[in-house]
Amino acid sequence: NAGVTQTPKFQVLKTGQSMTLQCAQDMNHNSMYWYRQDPGMGLRLIYYSASEGTTDKGEVPNGYNVSRLNKREFSLRLESAAPSQTSVYFCAISPGLGTGELFFGEGSRLTVL
Amino acid sequence: AQSVSQHNHHVILSEAASLELGCNYSYGGTVNLFWYVQYPGQHLQLLLKYFSGDPLVKGIKGFEAEFIKSKFSFNLRKPSVQWSDTAEYFCAALTGGGNKLTFGTGTQLKVEL
């Protein structure tokens, strides 16, 4: 989906290391989201940003921080990675809250050793 | 708390067989429902959605879903599956004032030739 770009696509970290996942969109949508996908658990919302300048916690925010840098960019930071954060992370966007129609990026596979 | 349940975790069908994937939600108020699909190695994409009106909604690629309010269900159907329908299917519900999309745990569908 050219509209949502995530970097990096793959990353291996050691426990305790930090890293930032970047997400950028070119669809001029207001809302941006970070989900994690784990086998048998579906997608769980980590954080979301309804609009530029606002962020809110989702279901599983512990161990993460986010930053909505501008309308285009929404980053997810792991300050001290843990093996439990091994997952596939998806950034998603939508025109606004209440639409439910999300456009997803291709995902970032993170492994924490 | 709002939840979405998908009881079929893995489904294997032969081509041309009919498909029905179950989805139940737990929420008594107004709810908007969605089915997303994730083809192998790809990001999630919207299959169909229900907001109001006709409880039988049609989506892309011949899929449809029926909203049955009395059963809190939104099952996905397709009369005749194809090998290319092999994917993981996620049911999702939009509640909480429209702020968050809650996903089920997913159903892995494998269609055999």
Side-chain angles (χ1 to χ4, degrees), chain A residues 1-7 9-10 21 23-25 27 29-51 54-61 66 68 87-109, chain B residues 1-11 21-25 27 29-52 57 59-60 65 67 74 87-109:
Chain A
N1 188 343
V4 183
T5 303
Q6 292 181 230
T7 55
K9 288 185 170 45
F10 299 92
L21 297 175
C23 176
Q25 56 135 334
M27 299 177 72
H29 283 344
N30 288 319
S31 302
M32 299 185 75
Y33 309 78
W34 277 107
Y35 283 88
R36 59 177 289 173
Q37 183 181 23
D38 302 289
M41 303 191 76
L43 280 86
R44 292 179 292 169
L45 182 63
I46 305 171
Y47 271 94
Y48 67 102
S49 170
S51 60
T54 68
T55 60
D56 285 286
K57 295 178 180 180
E59 300 173 66
V60 289
V66 290
R68 182 76 183 265
S87 186
V88 180
Y89 292 85
F90 286 97
C91 177
I93 64 174
S94 73
L97 295 179
T99 67
E101 184 167 353
L102 302 182
F103 298 91
F104 286 85
E106 294 188 351
S108 298
R109 184 176 293 276
Chain B
Q2 164 68 26
S3 67
V4 177
S5 300
Q6 293 180 247
H7 301 294
N8 309 107
H9 300 296
H10 292 90
V11 173
L21 301 182
C23 173
N24 291 92
Y25 63 93
Y27 188 70
T30 301
V31 62
N32 300 317
L33 298 160
F34 306 80
W35 276 97
Y36 280 81
V37 59
Q38 185 177 29
Y39 296 103
Q42 297 187 25
H43 58 86
L44 279 83
Q45 53 188 289
L46 182 66
L47 202 53
L48 50 79
K49 60 184 177 182
Y50 171 78
F51 272 64
S52 63
V57 293
I60 61 173
F67 171 59
F74 189 57
E88 190 159 17
Y89 293 81
F90 294 92
C91 183
L94 185 67
T95 59
N99 287 348
K100 303 173 190 177
L101 194 61
T102 300
F103 285 86
T105 54
T107 297
Q108 188 72 50
L109 171 66

Asks: Is any side-chain heavy atom of A:Y48 closer than 4.5 Å to a side-chain heavy atom of B:L101?
Replies: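 With C-beta onward as the side chain, the pair stays apart.
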Asks: Please report the closest heavy-atom contact between A:E106 and B:H43, naming both atoms and the distance.
Replies: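 Answer, listing the atom of A:E106 first, then B:H43: CA-CB, 4.0 Å.
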Asks: Report which part of B:L44 has an atom under 4.5 Å of a heavy atom belonging to chain A: side chain, backbone, both, or neither.
Replies: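 Looking at B:L44, backbone and side chain both touch chain A.
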Asks: If you tally heavy-atom pairs under 4.5 Å against chain B, which of A:G40, A:G58, A:A92 wins?
Replies: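 When all of A:G40, A:G58, A:A92 are compared, A:G40 has the most.
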Asks: Of all the heavy-atom pairs spanning A:F90 and B:Q38, show the shortest one and how long it is.
Replies: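 Minimum heavy-atom contact is CZ-NE2, 3.4 Å.
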Asks: Would you please test B:Y36 and A:L102 for side chain to side chain contact (heavy atoms under 4.5 Å, CB included) and show each step?
Replies: CA-CA 9 Å; B:Y36 280 81; A:L102 302 182; 3.7 Å; yes
Asks: Under the side chain to side chain contact (heavy atoms under 4.5 Å, CB included) rule, what do B:E88 and A:Q37 come out as? Steps first, then yes or no, please.
Replies: CA-CA 12 Å; B:E88 190 159 17; A:Q37 183 181 23; 4.1 Å; yes
Asks: If you tally heavy-atom pairs under 4.5 Å against chain A, which of B:L33, B:T105, B:N32 wins?
Replies: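 With the most close heavy-atom pairs to chain A, the winner is B:T105.
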